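Attaching a single structure in structure tokens format; questions to follow.
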2 protein chains.
Amino acid sequence: MTQVPKTIPAEKSEDARQIRGERTRQALLEAAFDEIHQHGYRAASLNDILKTAGCTKGSLYHHFPDKHALGLAAIVDNIDRFMEANWLTPLAKADNPIDTLLTILQRHVNGEILSDVRRGCPMQNLSQEMSGLDEDFRTYLNGVHVEWRTAIADALRTGQENGQVRKDISAEAAATMIIATHQGTIGLIKTAQCTEVGNLSFEAFYQYLNSLRTTDNSTRGPKEGLAS
Amino acid sequence: MTQVPKTIPAEKSEDARQIRGERTRQALLEAAFDEIHQHGYRAASLNDILKTAGCTKGSLYHHFPDKHALGLAAIVDNIDRFMEANWLTPLAKADNPIDTLLTILQRHVNGEILSDVRRGCPMQNLSQEMSGLDEDFRTYLNGVHVEWRTAIADALRTGQENGQVRKDISAEAAATMIIATHQGTIGLIKTAQCTEVGNLSFEAFYQYLNSLRTTDNSTRGPKEGLAS
DNA sequence: CTCCACAAACCGACCGGTTGGTCTAATATC
DNA sequence: GATATTAGACCAACCGGTCGGTTTGTGGAG
């Protein structure tokens with residue numbers, strides 16, 4: 001179930017048909033992701049997706065068995081890349097996990113990461129909408145959470161070994177709370193439709209993160225002040 | 001727009017018609033809230049609401065102009081009461097804000113407050129779904145957030161004046177982050193469909209909240225340990 | 001090189017079902 | 001009889017999904 005067709009051309013075939021097909025497939029995935037990001041999965045209209053993708057029902061159902069598969073493929077494709085680029089890789093090669101976390105958060109507040117913070121985080125939107133409804137979506141999204149949490153916890157543990165992070169805290173618990181606070185803050189921003197609450201929340205969040213440093217590793221952020 | 005009909009019988013009229021009418025109105029509100037809590041606003045089916053409320057379209061559209069008004073009335077009615085009982089009142093009459101916050105959070109983790117944590121917090125579900133879609137819902141929900149934040153910030157400020165809470169933190173920022181973390185944690189639980197992540201996140205959250213105490217006011221929670 | 005058989009890709013009318021909402025008639029209570 | 005309330009058939013719009021038919025590109029045969 002929930003087979004995500006991959007259709008990768010296998011051998012290096014010069015078949016132009018496959019190239020064209022792959023292009024519309026990508027267009028569909030992209031359009032689907034946009035629609036879902038904007039209206040949620042259930043309210044995402046296939047007809048609208050087709051309109052922006054510039055193709056028709058026939059094409060869609062040639063490439064995907066149903067809406068569910070299309071949606072899942074679009075989501076997985078996009079979120080995996082996002083998580084890898086913005087969280088997993090930076091954390092894995094972090095010199096100091098606290099600094100790295102602060103930097104990432106900073107970029108979220110600045111709107112450098114999410115195209116429009118007020119539209120919320122795609123993953124969070126999906127999690128909220130689908131977790132109680134569709135087990136395939138839920139399983140995937142929960143898996144992302146686990147990966148995410150593990151990456152942060154690992155980085156914190158390394159920091160503990162290197163003497164950068166206090167040893168009297170549970171890396172697992174801290175990582176979980178960091179994710180929760182991050183997601184919660186983005187949620188607040190979305191409801192407020194303005195980033196001021198984000199700054200407020202992150203101001204306290206920065207303090208918390210800095211409090212995780214060992215004392216001989218005095219507090220600072222990637223940019224000093226952010227408080228109003 | 002978005003008139004929330006209130007229809008409260010006004011004077012003490014013995015008019016049995018109004019009593020009967022009020023009863024179906026309440027049944028509709030209750031059924032609507034359940035449906036919306038379960039499936040979200042957009043996916044909430046009027047026919048299903050009518051089924052559980054035990055009445056028909058005619059009744060519904062006699063009492064409410066449209067789905068929007070019904071939904072909003074159901075939400076406002078329910079959430080206002082919830083916030084008042086579980087957050088605003090306890091915080092207003094708190095001896096020590098930190099203790100009060102810890103107690104409330106404890107009761108969330110224990111599942112004493114939300115009927116089924118895995119179904120999420122009704123307000124959060126609504127915020128996520130509707131903030132980007134309907135300005136009436138968004139405005140109301142954001143107002144609740146503001147009230148909520150203000151209540152926590154006020155309590156923290158009082159605690160600062162009483163020497164229970166550190167004076168070197170911004171009450172506003174801390175209050176905002178507390179809400180974010182709380183909401184974020186519930187979101188994690190919903191996606192994980194199990195409360196373990198909740199315990200993990202709250203473990204770190206407790207530490208953070210205790211760190212807000214003044215030093216001569218040593219750390220403790222309403223119940224001591226919760227960490228695994 | 002031309003031509004053709006074949007299949008992948010695409011098209012869009014159409015399907016049954018569901019949605020929120022309307023309307024008229026019937027009913028209950030004064 | 002007047003009025004508030006309820007009943008449920010009905011509507012247009014839209015939904016995801018199906019299906020018969022057309023286009024397009026290619027590899028092999030002559």
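Note that the structure is predicted; figures quoted are calculated from it, not measured. Hydrogens, waters and symmetry mates are skipped; everything else that's a heavy atom, side chains included, is used. All chains are named by letter (A, B, ...) in the order of the sequence lines, taking the proteins before the strands, and each is independently numbered beginning at 1.
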Quiz item: Nearest to the side chain of A:Asn47, which nucleotide is it out of D:dT6, C:dC11, D:dC15?
Solution: D:dC15
Self-check item: Among C:dC11, D:dG16, D:dT5, the one nearest A:Tyr61 by side-chain distance
Solution: D:dG16
Exercise. Look at B:Thr24 and D:dT5 and indicate whether a side-chain polar atom (N or O) is within less than 4.0 Å of OP1 or OP2.
Key: no
Quiz item: With sugar-phosphate meaning primed atoms plus P, OP1 and OP2, does B:Ala44 contact a base, only sugar-phosphate, or nothing at under 4.0 Å between heavy atoms?
Solution: sugar-phosphate
Quiz item: Whole Å only: how far is the CG atom of B:Leu46 from the P atom of C:dT22?
Solution: 11 Å
Quiz item: Can you check whether A:Thr56's main-chain N or O pairs, donor with acceptor, with A:Lys51's side chain at less than 3.5 Å?
Solution: no
Quiz item: Are B:Tyr140 and B:Asp134 close enough that a side-chain donor and a side-chain acceptor fall under 3.5 Å?
Solution: no
Quiz item: Is it the case that A:Thr24 and A:Ser59 place a side-chain donor and acceptor less than 3.5 Å from each other?
Solution: no
Quiz prompt | Whole angstrom value for the distance that separates C1' of C:dT19 from CG of B:Asp66 | solution = 14 Å
Practice problem: Figure out the CD/C1' separation between A:Glu22 and C:dA8, and round it to whole Å. | Solution: 13 Å
Quiz item: Is A:Ser59 near enough to C:dA9 that one of its side-chain N or O atoms lies under 4.0 angstrom from OP1 or OP2?
Solution: no
Practice problem: Quickly work out the B:Leu60 CG to D:dA9 C1' distance and round it to whole Å. | Solution: 16 Å
Quiz item: Nearest of C:dG21, C:dG12, D:dG16 to any side-chain atom of A:Thr56?
Solution: C:dG12
Quiz item: Separation of A:Leu50 atom CG from D:dG17 atom P, in whole Å?
Solution: 12 Å
Quiz item: Would one find a side-chain N or O of B:His63 under 4.0 angstrom from OP1 or OP2 of D:dT6?
Solution: yes
Quiz item: Do any side-chain nitrogens or oxygens of A:Ser45 fall under 4.0 Å of OP1 or OP2 in D:dC15?
Solution: yes
Quiz item: Can you tell me how far P of C:dT22 sits from CZ of B:Phe64, to the nearest Å?
Solution: 15 Å
Quiz item: B:Lys57 or A:Arg42: which one's nearest nucleotide on DNA chain D is closer to the 5' end?
Solution: B:Lys57
Quiz item: What is the distance, rounded to the nearest whole Å, between atom CZ of A:Arg25 and atom C1' of C:dC10?
Solution: 16 Å
Quiz item: Starting at CG of A:Leu28 and ending at P of D:dG16, how long is that distance when rounded to a whole Å?
Solution: 14 Å
Exercise. Please name the pair of heavy atoms, one in B:His108 and one in B:Trp87, separated by the smallest distance, quoted to 0.1 Å.
Key: CE1-CZ2, 3.8 Å
Quiz item: Between B:His62 and D:dT6, does any side-chain N or O lie under 4.0 Å from OP1 or OP2?
Solution: no
Quiz item: Side chains of A:Thr176 and B:Ser201: donor-acceptor distance under 3.5 Å anywhere?
Solution: no
